[in-house]
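Here the structure is laid out as structure tokens; the discussion comes afterwards.
Just follow the structure's listing: the first ligand is 1, and inside any ligand the first atom is 1. The structure presented is a predicted model; accordingly, all values stated were derived computationally and were not measured.
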Amino acid sequence: MSNLDVEQRVVVLTGAGVSADSGHPTFRGAGGLWEGRRVEELATPAAWAREPALVWRFYQERRQRLVETEPNPAHEALYELEQRLKAAGVGFCLITQNVDNLHGRAGSAPIHIHGELAVLRCEVCGEKVRDLEHLDPEAFVPCPECGHAAMRPDVVWFGEMPYRVEDVFRQVGNATHFLAAGTSGVVYPAAGLLQLARDGGAKTYVNSLDEPENLSRQDEFSPGRAAEILPGLCAAIAEEVGA
Ligand code: APR
């Protein structure tokens with residue numbers, strides 16, 4: 001049986017490296033510091049409880065960057081891949097750890113397992129609003145539903161559960177082709193998805209600037225900038241599945 005006789009399903013996981021070429025700094029590059037503080041220290045429920053003004057300012061800076069940056073050829077290549085696969089009846093799923101909105105602005109609708117900077121969430125009533133209007137670093141945004149004084153960014157902090165984990169595990173477990181791009185492979189459960197795909201018999205592709213932690217000899221590794229590598233790599237994957 002040729003591999004074109006089985007139903008093909010392509011799943012892609014992206015990380016900070018895919019947005020690096022748009023000007024979003026990665027987490028573990030450049031020391032991962034903001035105003036001398038470790039990002040892993042700020043992105044926690046405890047930091048928000050203890051120093052909400054500081055955490056808010058950190059996130060408002062990052063939210064501001066959303067309106068100043070543009071998708072790059074990596075985001076565009078992934079959207080084109082999706083279109084090409086859909087036209088050929090091949091399954092596709094895009095999963096991102098990125099909290100920016102660049103995949104969406106390139107046309108994709110990814111599963112945001114770590115949430116989205118563009119969305120604010122009320123911890124009191126659960127209300128979520130898509131908001132990029134209120135970007136003042138000093139002013140909290142009150143909840144339009146219950147009036148609570150300060151909504152938080154709807155991002156998954158260290159110690160919190162990623163979104164849609166079951167859905168993601170199912171998608172990756174059923175993949176015939178899996179690409180991990182621009183992720184260092186150190187933050188779980190996302191870092192375990194590559195192994196899950198291998199275990200399910202998927203052909204695995206990896207793009208990153210540096211060798212990720214979870215790389216195996218089984219994976220086809222394409223080192224380099226995502227904006228330069230993904231256009232060709234996505235075209236090769238489309239051809240591989242006959243799309
Ligand atoms: N093109 C491709 N890969 C790149 C590029 C680029 N231009 N620039 C950097 N990289 C690679 C790095 O080599 C590294 O492997 O992208 C990866 C970035 O790693 P991290 O900064 O650890 O980002 P990520 O893996 O997405 O982090 C996972 O950690 O802090 C949390 O919740 C946060 O979603 C984030 C998670």
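Contacts of Gln97 with ligand 1, taken as heavy-atom pairs under 4.0 Å, involve both backbone and side chain. Residue contacts with ligand 1, taken as heavy atom pairs separated by less than 4.0 Å, involve Val187 solely via side-chain atoms from C-beta onward. Residue contacts with ligand 1, taken as heavy atom pairs separated by less than 4.0 Å, involve Ala20 solely via side-chain atoms from C-beta onward.
Near Thr183, with a cut-off below 4.0 Å to any heavy atom, the atoms of ligand 1 are 15 (O), 16 (O), 17 (C), 24 (P), 25 (O). Ligand-side atoms of ligand 1 in range of Asp210: 12 (C), 13 (O), range being under 4.0 angstrom from any heavy atom. The ligand atoms of ligand 1 that sit less than 4.0 angstrom from a heavy atom of Gly15 are 26 (O). Listed by atom number, the atoms of ligand 1 under 4.0 Å from Asn207 heavy atoms are 2 (C). Near Phe158, with a cut-off below 4.0 Å to any heavy atom, the atoms of ligand 1 are 30 (O), 31 (C). Ligand-side atoms of ligand 1 in range of Gly224: 1 (N), 2 (C), range being under 4.0 angstrom from any heavy atom. Below 4.0 Å from some heavy atom of Gly182 lie the following atoms of ligand 1, by number and element: 3 (N), 16 (O), 17 (C), 18 (C). When each atom of ligand 1 is checked for a heavy atom of Asp21 under 4.0 Å away, the hits are 7 (N).
Comparing Arg225, His112, His114 by heavy-atom distance to atom 34 (O) of ligand 1, the nearest is His114. For atom 5 (C) of ligand 1, the candidate residues are Ala43, Ser22, Ala16, Gly17; the nearest heavy-atom contact is made by Gly17. Here the shortest heavy-atom distance to atom 1 (N) of ligand 1, taken over Ala227, Pro25, Ala226, belongs to Ala226.
Contact record, Glu35 with Leu54: OE1-CD1, 4.4 Å, taken as the closest heavy-atom pair.
Close to ligand 1: Ser208, with a non-hydrogen atom less than 4.0 angstrom away.
A donor and an acceptor atom, one from each side chain of Gln60 and Gln64, are nowhere located under 3.5 Å apart.
Applying the 6.0 Å contact sphere to CD of Glu68 captures more than 12 heavy atoms from other residues, nucleotides or ligands.
A cation-pi arrangement is present between Arg152 and Trp157 under the rule of less than 6.0 angstrom and at most 45 degrees off the ring axis. Geometrically, Lys86 does not engage Tyr79 in a cation-pi contact defined by less than 6.0 Å to the ring centre and at most 45° from the axis.
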Query raised in the report: Could you walk me through whether Asp100 and Arg62 pass the salt bridge (Lys or Arg N to Asp or Glu O under 4.0 Å) check?
Result: CA-CA 9 Å; Asp100 65 53; Arg62 305 184 68 205; over 6 Å; no
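For Glu220 and Lys203, the salt-bridge test passes: some basic side-chain N is under 4.0 Å from an acidic carboxylate O. A salt bridge does not link Arg63 with Glu61: every distance from a Lys NZ or Arg NE/NH1/NH2 to an Asp or Glu carboxylate oxygen is 4.0 Å or more. With respect to the salt-bridge test (charged N to carboxylate O, under 4.0 angstrom), the residues Glu76 and Arg105 do not qualify.
No side-chain heavy atom of Phe140 sits under 4.5 Å from any side-chain heavy atom of Leu120.
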